[in-house]
> 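Take a look at the following structure, please.
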Amino acid sequence: MTHTMNITRKLGSEILLEGILHHGETTIFGYPGGSVIPLYETLRKYPEINHILVRHEQGAAFAANGYARVNRKPGVCLATSGPGATNLLTGVADAYMDSIPLIILTGQVFSTLLGTDAFQEVDSLGIFLPVVKHSYSVTSAKNLAQVISEAFHVANTGRPGPVHIDITKDAFLEEVDFNGFPPVNIPAYNPTISANIKQLEKVVKVIQQATRPIAIVGQGAHISHAEKEVLEFLEKSGIPYTETLLGLSTVPHAHPKNLGMLGMHGTVPANYAVHNADLIISLGSRFDDRITGKLSEFTRAAKFIHFDIDPAEIEKNVKVTHVPVVGDLKLSLQKTIPLLEKTEFPTWIKQIEMWKKIYSMKKIRELNKSKACGKMRACRVIEILKEETEGNAVVVSDVGQNQMWTAQEYKANIPNSLLFSGGLGAMGCSLPMAMGAKVAKPEREVWSISGDGGFQMNLQEMMTLIQEGIAVKIMVVNNNYLGMVRQWQEMFEGGYSYVDMQNPDFVKLAEAYGIPAFKATTEKEAREAIKKCRKIEGPTFIEFLIGKEENIFPMVPQAKSLGDTQITE
């Protein structure tokens, strides 16, 4: 849209809302308060904007986060000054670590009161600065049009991420001349999009020299909408591959070259393949410590090809990168694929197939079934959900054992349909994130999976589901423990400490919110409950009672290498 010269007079609050619409967004997740009352008064004049009233500002940030993950464009969240702003912080930090584009709007006290410790004044700019791509402080409506245009541009270009705009109350109330939204020109911000063709030629040459190559597919594949190109690259090159937690659902799980997730709770074939590879190709992964294990062992023998849009990630963790490729992954692969020749790695593939046969997840589950003490197993709950939905739902997991069971057992068929808090590992994310995902894609079936601990951190958003008519299906896998912490204590500390959870009656709690609720203690009841929930149009709830001390395996103990993957106690 071109910059119009039709000058009108508008309030700062009007410019902000029209800026959101101008940049293609119609949804705001928010919670009102004193500093943003003028904005909320103006919001009534914009019925085309769907404002969703959350029950806690953290819910707003996580909902905008989930919205952005499935829409792959910025989500918008709004809070007042002081505690409203600080309550957003966890969801914003989560978006920053996982490269999710957000526009974070916070109100601020009158500009004349800045620095006086006024009621509900905090330094929002300083607080958000470490966990956003950029942060703006707006004290006059004259600057809003430019700031809004820049914020959307920065959030959604290069490596995406959250951008924060802090706006004083008088800036909302100020009336100024307005002549549209200016084109963006930020001389210091010019991310590299197109990869160097010479580097891509090197990529092909190094692949041709390899005998034991493995590709690691990361979050960058989803961010750049490169699922089609990743699949074409893998099939043409003949290279087996594994996915990070955030890279899951890039290509269909059943693909014969897919080894599953790697890392701390990855599959044994994936971990062994990476550990023994002579070439590791990262397709949008930043080599997080949860996938590398002991870094000196991870880098011991292989050459590295690293595709990443952020040059700061090159050699940040893996210090020896033979071929760095900086640029948008989709565009980079589009240029690389024509240069490739079909390659075969028969000895390597034979070794991988042997690992897959010896260390199947079915065999590993059998080895560890005694810990379930005859109770329903969480892995089976997730497997049943996959069977009933045929792998076609959007599934949003919380953090803890439930996250790893979901990653291992929900084999998604549709790209970008498994959502996790990755880098931050934020408990309480699942319900509001699923809420945002459902708002973004109302036609999709959306399930929220939590443990009993994480669920209680943002369960208040059940009321938002009811008030706004958001049909999220909620699952709580209940073992009456903070399960992942308990597992670490059991394996490495020799005893439990402050992880035993006394919980409410979750079914009655959900019903108190007006949500149809079910409880399952057996696999038969689990399947029946999931079938019933899928037939109900609105939000639903199921509590699954599982064995208290079931552990999640495989597991790479901290400070150990991927070659030290444990499959049982």
> If you measure only the distance, is there a donor-acceptor pair under 3.5 Å linking the side chains of K169 and S111?
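No donor-acceptor contact under 3.5 Å links the two side chains.
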> May I ask you to decide whether E229 forms a salt bridge with K330, counting only side-chain N to carboxylate O separations under 4.0 Å?
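Between K330 and E229 there is a salt bridge, with a charged N closer than 4.0 Å to a carboxylate O.
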> Between E445 and R534, does any side-chain N to carboxylate O distance fall below 4.0 Å?
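Here E445 pairs with R534 in a salt bridge, since their nearest N and O are under 4.0 Å apart.
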> Looking at E227 and R72, is any side-chain nitrogen of the basic one under 4.0 Å from a carboxylate oxygen of the acidic one?
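Here R72 pairs with E227 in a salt bridge, since their nearest N and O are under 4.0 Å apart.
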> Whether R9 and D177 form a salt bridge (side-chain N of Lys/Arg under 4.0 Å from carboxylate O of Asp/Glu) is what I want to check.
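Yes, charged N to carboxylate O under 4.0 Å.
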> Determine whether the aromatic ring centres of residues H51 and F29 are separated by less than 6.0 angstrom.
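No, too far apart.
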> Less than 3.5 Å apart, any donor N or O on the side chain of T389 or Y410 sitting next to an acceptor on the other?
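On atom types as modelled, these side chains qualify, holding a pair under 3.5 Å.
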> With sequence neighbours left out, write down each residue that passes ring pair (Phe, Tyr, Trp, His ring centres under 6.0 Å) with H153, or none if nothing qualifies.
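With neighbours one apart ignored, the set is Y189.
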> Does F541 have its ring centroid less than 6.0 Å away from the ring centroid of F455?
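Close enough - the centres of the two rings lie under 6.0 Å apart.
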> Verify the distance criterion only: is there a donor paired with an acceptor across the side chains of D398 and Q403 at less than 3.5 Å?
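Looking only at side-chain atoms, Q403 and D398 do not form any donor-acceptor pair under 3.5 Å.
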> Do D94 and S421 have side-chain N/O donor and acceptor atoms under 3.5 Å apart?
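Yes - a donor-acceptor pair under 3.5 Å links their side chains.
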> Show every side chain to side chain donor-acceptor pair (under 3.5 Å) that has at least one partner inside residues 425-443, sequence neighbours left out.
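Of all non-adjacent pairs touching residues 425-443, those that pass side chain to side chain donor-acceptor pair (under 3.5 Å) are S430-S448.
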> Can you list everything that forms a side chain to side chain contact (heavy atoms under 4.5 Å, CB included) with L331? Sequence neighbours excluded, please.
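Expected list: I193, D328, Q334.
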> Taking all non-hydrogen atoms of both residues into account, name the closest pair between I314 and P324 and its distance.
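Looks like CG2-CB, 3.6 Å.
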> Out of T86, D166, T80, which one pairs with T106 under the side chain to side chain donor-acceptor pair (under 3.5 Å) rule?
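That would be D166.
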